[in-house]
Q: 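Please see the structure below; I have some questions.
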Amino acid sequence: MRAVLLRDLKLAMRLGGGFGLAIMFFLIVTVLVPLGIGPDLALLSAISSGILWVGALLACLLSLDRILSLDYEDGTLDHLAISPLPLENVILAKATAHWLTTGLPLGLASPLLGLMLGLPLEGFFWLLLSLVFGTPALSMIGTFGATLTLGLKRGGLLLSILVLPLYVPTLIFGAEVARRGSIGIELQTPLWMLLGVSFGVVAVLPFASSAVLRINLR
Amino acid sequence: MRAVLLRDLKLAMRLGGGFGLAIMFFLIVTVLVPLGIGPDLALLSAISSGILWVGALLACLLSLDRILSLDYEDGTLDHLAISPLPLENVILAKATAHWLTTGLPLGLASPLLGLMLGLPLEGFFWLLLSLVFGTPALSMIGTFGATLTLGLKRGGLLLSILVLPLYVPTLIFGAEVARRGSIGIELQTPLWMLLGVSFGVVAVLPFASSAVLRINLR
Amino acid sequence: MSLWEYSNPVKFLKLSSRVLPWVSALSGICLILGLFWGFFWTPDDYRMGSTVKIIYIHVPAALMAINAWFMMLVASLIWLIRRHHVSALAAKAAAPVGLVMTLIALITGAIWGQPMWGTWWAWDPRLTSFLILFQFYIGYLALWKAIENPDNAADLTSILCIVGSVFAVLSRYAVNFWSQGLHQGASLSLDKEKNVADVFYHPLLLSIAGFIFLFLALVLIGTRSEIRMRRALVVAARRMPS
Amino acid sequence: MLLSVQDLCITRSSQVLLANVSFDLASGEALILKGPNGLGKTTLLRVITGLQPALSGKIITQEDIFVYAAHADGVKPSLTVTENLQFWADIFDSKDVSSALSAFDLNELKSSFAGLLSAGQKRRVGLARMLISNRLVWVLDEPSVSLDSASILQLEAVIKQHLQNGGGALIVTHADLDLGPRCKTLHLDEYKSKSPVYDHCAEAFL
Amino acid sequence: MLLSVQDLCITRSSQVLLANVSFDLASGEALILKGPNGLGKTTLLRVITGLQPALSGKIITQEDIFVYAAHADGVKPSLTVTENLQFWADIFDSKDVSSALSAFDLNELKSSFAGLLSAGQKRRVGLARMLISNRLVWVLDEPSVSLDSASILQLEAVIKQHLQNGGGALIVTHADLDLGPRCKTLHLDEYKSKSPVYDHCAEAFL
Ligand code: HEM
Ligand SMILES: Nc1ncnc2c1ncn2[C@@H]1O[C@H](COP(=O)(O)OP(=O)(O)OP(=O)(O)O)[C@@H](O)[C@H]1O
Ligand SMILES: Nc1ncnc2c1ncn2[C@@H]1O[C@H](COP(=O)(O)OP(=O)(O)OP(=O)(O)O)[C@@H](O)[C@H]1O
Ligand SMILES: [Mg+2]
Ligand SMILES: [Mg+2]
């Protein structure tokens, strides 16, 4: 499992591998939204934490299809399926690699972007926290979606469509934590719910994904 | 040129081809934004036209990399390059096919989504108009970006990064037309600018793109 | 003897090795003098207080950020038309410098904005267009990094630079649509009367000169190391066992 | 006995391709499968390695015995040749990348990116994975494609060596490979069947 | 004379692969190019068809004379076989898809999706494009890969017919093709060069 994880990280770092691109996309969404709705800072600050969560979610989404499809197309998944490594571990390694190259840096970059959207200072910590705790769920759900759309040529957009409704609970709890944090009210409940979703997803979905994967390799 | 256009449209309609997925994505973004920022309708209606433009732009963006990369990977572009068809025409046909399957339906669907975000009624027409006039530029710029990132394995996100700053003028003028339309003030200037950008881009970029394509096929 | 002779990498290396120490020295002197003068020997502004001193970094950095892109545009055109390798490599070397200048302008602007406008960031037209410029730099550099064949990379990035310049100008115009913005207008224009007092003006000029020389020095260094890198590649290729 | 296939029926999109295929593969043996294009050879290999379900019949074998080399050989263009092989060595828990490299004459190309290799060179990298896996039965789908004659000789030598070490090989090929005395050829034409699928599932719909 | 190549030098990543390659291809002739893996055969074909620039040398030929078949054969999986070929017929302004279909025995597969074909069947679809193009010089990169022996005979027959009609063919292959009397073989080994590139560009950097 370490081998898969390390290789995926290495591939991500290599030429055109896509590391750092998710943050860039995140940044660009943050830039586009004010361009689209105009420069009114009061308006922006009211929607900032929500937009940042939606932006993070989209940045995650855009990088999902590379989790598995390259390995599918060039036959690596076939070979891994008959290797000694259980498929669940392959899935988990790939989701982890995706999180390390997307969700984590996204979370760490979020305060800067919060600044640009006029997020109140006291919200920074909670935004970061909610992203760091919420994005593992995004990566894992995304990996599950990627296994579902595997066989389909350029399932990219189909993947988004399948995955987005699955993202809804994470998004709602996460954005709620960030929003409550920014206006300084109690946020225990959504935070626990967010943690619960993340842990549940990471514990259960690898099994579902590997079952789906086996079917798709047929 | 007709042959390329028709084939691309046919491919888009086929299983997993991606037709209709752009609208679905557009719809889902429209759903996610209220989930992220909460259900306050006054707030939503203030940002609706901007968010819809940003959503349309992202939906376009997501489907860009399939414009050329499939044809590159399976060698079709090589064969087209030594066919009697000039590469400029290939580019133009592909951009047109992208627009017909993405920008145009997006524009036509926009009033419905405007409704969901509380866009004032008098803004519907201008939103539709600005999208229909603006998206050709998005498709053409996107095709240019796709030729730039062609050789690179899954240049998807790099493509977004290159293309997004190029989208800025279209976005600003387009969103401005829609915004002014929704509050009923004068919108001649941004509308002409939008048309100017669209025409300029469609007139000039096919040549730049075909030059880039030739370099990338080397 | 034409100027183009120095488009030969070897000649360029020779010439630049002679020029580089002077440029570096000049930039050091101008920067030290200008910044010291600006920071310690000028009075506080009556409106802005001591924060006005950021101007000695902010304005030169902002100017260089724009001019670096302009230089890349010219170099790209030269590469596309005359195919001189040095110009392509110079464009490549200028990009990170321009990127850093943009960042410095953005960061010092943000630091300045906090006491001045009461916010770190505002979607003012000038700031916004700088942010877009920043994106152009990132995209340009990412494309250079992503393509392996150096000639292809030079071709493609040149085309991107030219197309991007047109769009950068367009976006600059577009963001003006929004509002007049908070940011003050150009203060160094030659035709209008100066709107910066002389006490601030002279050290500012000095520090701008320092930044220009610094930019030149950094681009020279960058170009030289790019040339050396290419040379190493050629040598390595020749050594390869057959 | 490494592998025993009994009365296997395989299908693709509700058509039986091959019916009642039976053969055995003993240790030290190679079995070459031949047949015209589109007969179902690739499908058969995927069924045997467990990547696809069979319609009926038995496949008697051990766990974790196969390694499979198809056209898509999972070579990552942005990793070097060594890195590519080292990855599989980690997966299969084996140390020995260097002997695989030299068996397919890849030492010179060791540190070049796999994406820059020619068709034949890339194929050799894919084949080197066989040696790394330490698996007993090699399942090869047209392994000699794109290889020049010298490389084909190398491939034959590697397979022969593997057979001598007690392994087995199941090979689909249109070319002629010389694998020594313990090599049988099975012509699959005779098992061809183009009848539709009659399993109980389909029956339920009738 | 259809094609005359004089003193051609071709490069890949600042290495000369082949130096001073010269040959002529007359109407009705086939030229088979041979050489070990990684020599530069594929690169040579791409240079000749104009997809890649040459380092030096001359390629004397007419406009719009080539059609190229490589491993990547541009067959779209989600189009049927006929639709795939019809597209190229439109591009090359030719009407005749049906004769191409029957030449490669594709009539039965005519309306199945190309994505569901076996390796050899797909390759035949790719080769059928040659017939549709009406181009004079066929440039084929390992055309016989994945084909069974019957299909190879068909391929040979099609090429021979093309030569009789006054066309030419430039073929890279590791297998043995029998193309009749007007077929020459060129062994590219002797042009091999692993010297670095000595163009003025690289030189300038030294
Ligand atoms: C991050 C935000 C900022 C950016 C990107 C930015 C950008 C620029 C640029 C490009 C210039 C050079 C303009 C020219 O001379 O043509 C400039 C100059 C200047 N900036 Fe900023 N600025 C920022 C924030 C600020 C803030 C917060 C202040 C303080 C109130 C400020 C005050 C000035 C002044 C006084 C000048 C010199 C006048 C001038 O030459 O235009 N800037 N800035
Ligand atoms: N994914 C698929 N779905 C449906 N049918 C398929 C699929 N793949 C292959 N087929 C069909 O199954 C049959 C057998 O295909 P297979 O790839 O096993 O042939 P093969 O014997 O390996 O041929 P070749 O020698 O050309 O590689 C073919 O007729 C093909 O059209
Ligand atoms: N895109 C590339 N960039 C750099 N070098 C390459 C690239 N493609 C191939 N090469 C190198 O160029 C050489 C020739 O490759 P080419 O594909 O022309 O060989 P070939 O003669 O067709 O071999 P094969 O018989 O294996 O197909 C090889 O050594 C290969 O490593
Ligand atoms: Mg097969
Ligand atoms: Mg080749």
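Within every chain, numbering begins at 1; the chains are lettered A, B, ... in the order of the sequence lines, protein sequences first and strands thereafter. These figures come from a predicted structure and were not determined experimentally.
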Q: What part of D:Val75 is in contact with chain A, defined as an atom under 4.5 angstrom from a non-hydrogen atom: side chain, backbone, both or neither?
A: backbone
Q: State, to 0.1 Å, how close A:Lys10 and D:Leu79 come at their nearest heavy-atom pair, and which atoms those are.
A: CD-CD2, 3.9 Å
Q: Could you go step by step and tell me if D:Ile91 and A:Val4 meet the side chain to side chain contact (heavy atoms under 4.5 Å, CB included) rule?
A: CA-CA 8 Å; D:Ile91 293 288; A:Val4 178; 3.7 Å; yes
Q: If we ignore hydrogens and angles and just use 3.5 Å, is the side chain of D:Arg46 paired with the main-chain N or O of A:Leu217 as donor and acceptor?
A: yes
Q: Heavy atoms only, distances under 4.5 angstrom: which of D:Ile65, D:Asp90, D:Leu51 has the most pairs with chain A? Name it, please.
A: D:Leu51
Q: Can you give me the closest heavy-atom contact between D:Lys76 and A:Asp74, atom names plus distance?
A: NZ-OD2, 2.8 Å
Q: As an exercise, state the distance from CZ of D:Phe87 to CG of A:Leu80, rounded to the nearest 0.5 Å.
A: 5.0 Å
Q: Using every non-hydrogen atom in the two residues, find where A:Pro84 and D:Asp64 come nearest and quote the distance to one decimal.
A: CA-OD2, 4.3 Å
Q: Determine the option with the most heavy-atom pairs under 4.5 angstrom with chain D, choosing from A:Leu77, A:Leu6, A:Ile215, A:Asp71.
A: A:Asp71
Q: What distance do D:Asp73 atom CG and A:His79 atom NE2 have between them, rounded to the nearest 0.5 Å?
A: 6.5 Å
Q: Supply the atom-to-atom distance D:Arg129 CZ to A:Ser83 OG, rounded to the nearest 0.5 angstrom.
A: 9.5 Å
Q: Check the surroundings of atom NZ in D:Lys184: do more than 12 heavy atoms from other residues, nucleotides or ligands lie under 6.0 Å from it?
A: yes
Q: Would one find more than 12 heavy atoms of other residues, nucleotides or ligands at under 6.0 Å from atom NZ of D:Lys110?
A: no
Q: Quick one: what part of A:Ile82 sits under 4.5 Å from any heavy atom of chain D, side chain, backbone, both or neither?
A: both
